[in-house]
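Here the structure comes first, spelled out in structure tokens, and everything after it is commentary.
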Amino acid sequence: MITWQVAADGPLLRLDERLSRALVHPDRFSELLADLGNVQVAVPVLLTVLLYVAWRGRASGTDRWWSAPLAAAVLMALVPALIVPVKELIARGGTPAVPPGTGYYPSGHTATAMIAYGASTLVLLPWLRTSYARRGAVAICVLLVACVSFGLVRRGYHWPLDVVASWCLGTVLLALLRLFLGRFSSEPQPK
């Protein structure tokens with residue numbers, strides 16, 4: 001529905017533009033928050049977690065120790081394959097705070113942050129021993145994605161709907177990863 005509203009210049013788009021005008025206030029802090037969604041920041045975090053999970057799984061003798069890290073890596077590789085064609089198809093212009101151009105919908109930074117931090121959390125959860133640690137990991141993931149999202153809108157890099165569309169896509173992709181992990185990946189049996 002969001003994509004249809006953006007493509008058809010629907011009434012939701014006017015609300016999006018009003019909300020953006022109220023929220024945009026470019027500053028260095030919002031730029032730093034937005035940078036947490038850069039590939040150069042989020043993907044190394046994911047790779048570090050995937051290497052750790054693979055190492056722990058192999059060291060503990062877990063069956064198919066490689067499946068969770070591999071699934072998360074494949075999911076991260078799918079993000080540009082899903083986002084770029086939609087950006088080309090919709091060709092939405094940016095906010096007044098960015099140079100003229102198209103390709104702002106949906107937000108690639110938000111999708112990158114959601115998948116990198118979300119997949120990191122999902123593959124790490126079985127290795128965390130306490131519910132406090134698991135809740136903390138989920139809270140950190142949500143906080144990072146919220147910070148990126150806020151930074152992108154506040155800095156004026158994206159319209160709010162660009163970010164919301166990536167939340168929707170990221171939620172679907174992470175739900176699929178969770179289903180995969182629950183069905184095809186062995187739970188760790190730490191020694």
Side-chain angles (χ1 to χ4, degrees), residues 1-4 33-34 36-87 105-153 158 160-191:
M1 182 174 131
I2 295 169
T3 303
W4 168 68
L33 292 177
L36 293 172
N38 284 346
V39 169
Q40 299 88 337
V41 176
V43 172
V45 170
L46 175 62
L47 290 175
T48 302
V49 170
L50 296 184
L51 289 172
Y52 173 77
V53 168
W55 172 73
R56 286 286 309 267
R58 184 173 165 105
S60 71
T62 302
D63 290 337
R64 294 186 309 274
W65 56 268
W66 47 267
S67 63
L70 179 61
V74 166
L75 190 64
M76 189 72 241
L78 281 176
V79 169
L82 296 170
I83 294 287
V84 171
V86 177
K87 284 179 174 285
Y105 178 91
S107 167
H109 281 74
T110 304
T112 297
M114 252 191 109
I115 300 307
Y117 302 133
S120 294
T121 302
L122 287 175
V123 299
L124 189 59
L125 285 177
W127 294 99
L128 300 175
R129 294 181 183 209
T130 66
S131 61
Y132 178 75
R134 288 187 290 275
R135 282 193 300 265
V138 170
I140 289 169
C141 172
V142 169
L143 181 64
L144 284 168
V145 172
C147 284
V148 169
S149 301
F150 174 78
L152 290 168
V153 172
H158 279 286
L161 282 181
D162 302 348
V163 170
V164 172
S166 289
W167 287 346
C168 294
L169 176 63
T171 299
V172 169
L173 294 175
L174 290 173
L176 291 173
L177 177 62
R178 179 67 188 118
L179 286 172
F180 173 84
L181 295 176
R183 188 144 217 233
F184 298 106
S185 182
S186 294
E187 290 294 315
Q189 305 297 325
K191 293 180 179 179

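Along the sequence shown, residues carry numbers from 1.
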Give every donor-acceptor pair under 3.5 Å between a side-chain atom in residues 111-122 and any protein atom, sequence neighbours left out.
{"from": "Thr112", "atom 1": "OG1", "to": "Gly108", "atom 2": "O", "distance (Å)": "2.8"}
{"from": "Tyr117", "atom 1": "OH", "to": "Leu36", "atom 2": "O", "distance (Å)": "2.6"}
{"from": "Ser120", "atom 1": "OG", "to": "Ala116", "atom 2": "O", "distance (Å)": "2.7"}
{"from": "Thr121", "atom 1": "OG1", "to": "Tyr117", "atom 2": "O", "distance (Å)": "2.8"}

Step by step, work out the side chain to side chain contact (heavy atoms under 4.5 Å, CB included) result for Leu82 and Leu173. CA-CA 11 Å; Leu82 296 170; Leu173 294 175; 3.9 Å; yes
Does the side chain to side chain contact (heavy atoms under 4.5 Å, CB included) test come out yes or no for Val43 and Asn38, once each step is laid out? CA-CA 8 Å; Val43 172; Asn38 284 346; over 6 Å; no
Could you give me the CA-CA distance, side-chain angles and deciding distance for Tyr105 and Ile2, then say whether side chain to side chain contact (heavy atoms under 4.5 Å, CB included) is met? CA-CA 10 Å; Tyr105 178 91; Ile2 295 169; 3.3 Å; yes
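Across every non-hydrogen atom of Leu177 and Ala72, the tightest pair is CD1-N, 4.1 Å. When all heavy atoms are compared, the tightest approach of Ala68 to Leu181 is CB-CD2, 3.5 Å. Heavy-atom minimum distance, Leu128 versus Ala137: CD1-CB, 3.7 Å. In terms of heavy atoms, Ser60 sits closest to Trp127 at OG-CH2, 3.5 Å. Across all non-hydrogen atoms, the minimal contact from Ala165 to Pro106 is CB-CB, 4.0 Å.
Looking at residues two or more places apart in sequence or on another chain, you find a side chain to side chain contact (heavy atoms under 4.5 Å, CB included) between Leu70 and Trp66, Val74. Residues satisfying the side chain to side chain contact (heavy atoms under 4.5 Å, CB included) test with Pro69, not counting sequence neighbours, are Leu50, Val53, Ala54. Taking Arg58 as the reference, Trp65 meet the side chain to side chain contact (heavy atoms under 4.5 Å, CB included) condition, with sequence neighbours excluded.
Atom CG of Leu33 sits about 9.0 Å away from atom CG of Leu152, to the nearest 0.5 Å. Distance NE2/His109 to NE2/His158: 6.5 Å, rounded to 0.5 Å. Put simply, CG on Leu161 and OG on Ser107 are 12.0 Å apart, with the number rounded to the nearest 0.5 Å.
Among pairs with a residue in residues 135-149, none fulfils salt bridge (Lys or Arg N to Asp or Glu O under 4.0 Å), at least two apart in sequence or across chains. Residue pairs satisfying the side-chain hydrogen bond (donor to acceptor under 3.5 Å, both in side chains) criterion with at least one member in residues 44-53, sequence neighbours excluded, are listed as follows: Tyr52-Arg56.
Between Trp167 and Ser149, the side chains place a donor N or O and an acceptor N or O closer than 3.5 Å (distance only, hydrogens not considered).
Using a 4.5 Å heavy-atom threshold, the side chains of Thr110 and Val164 count as separate.
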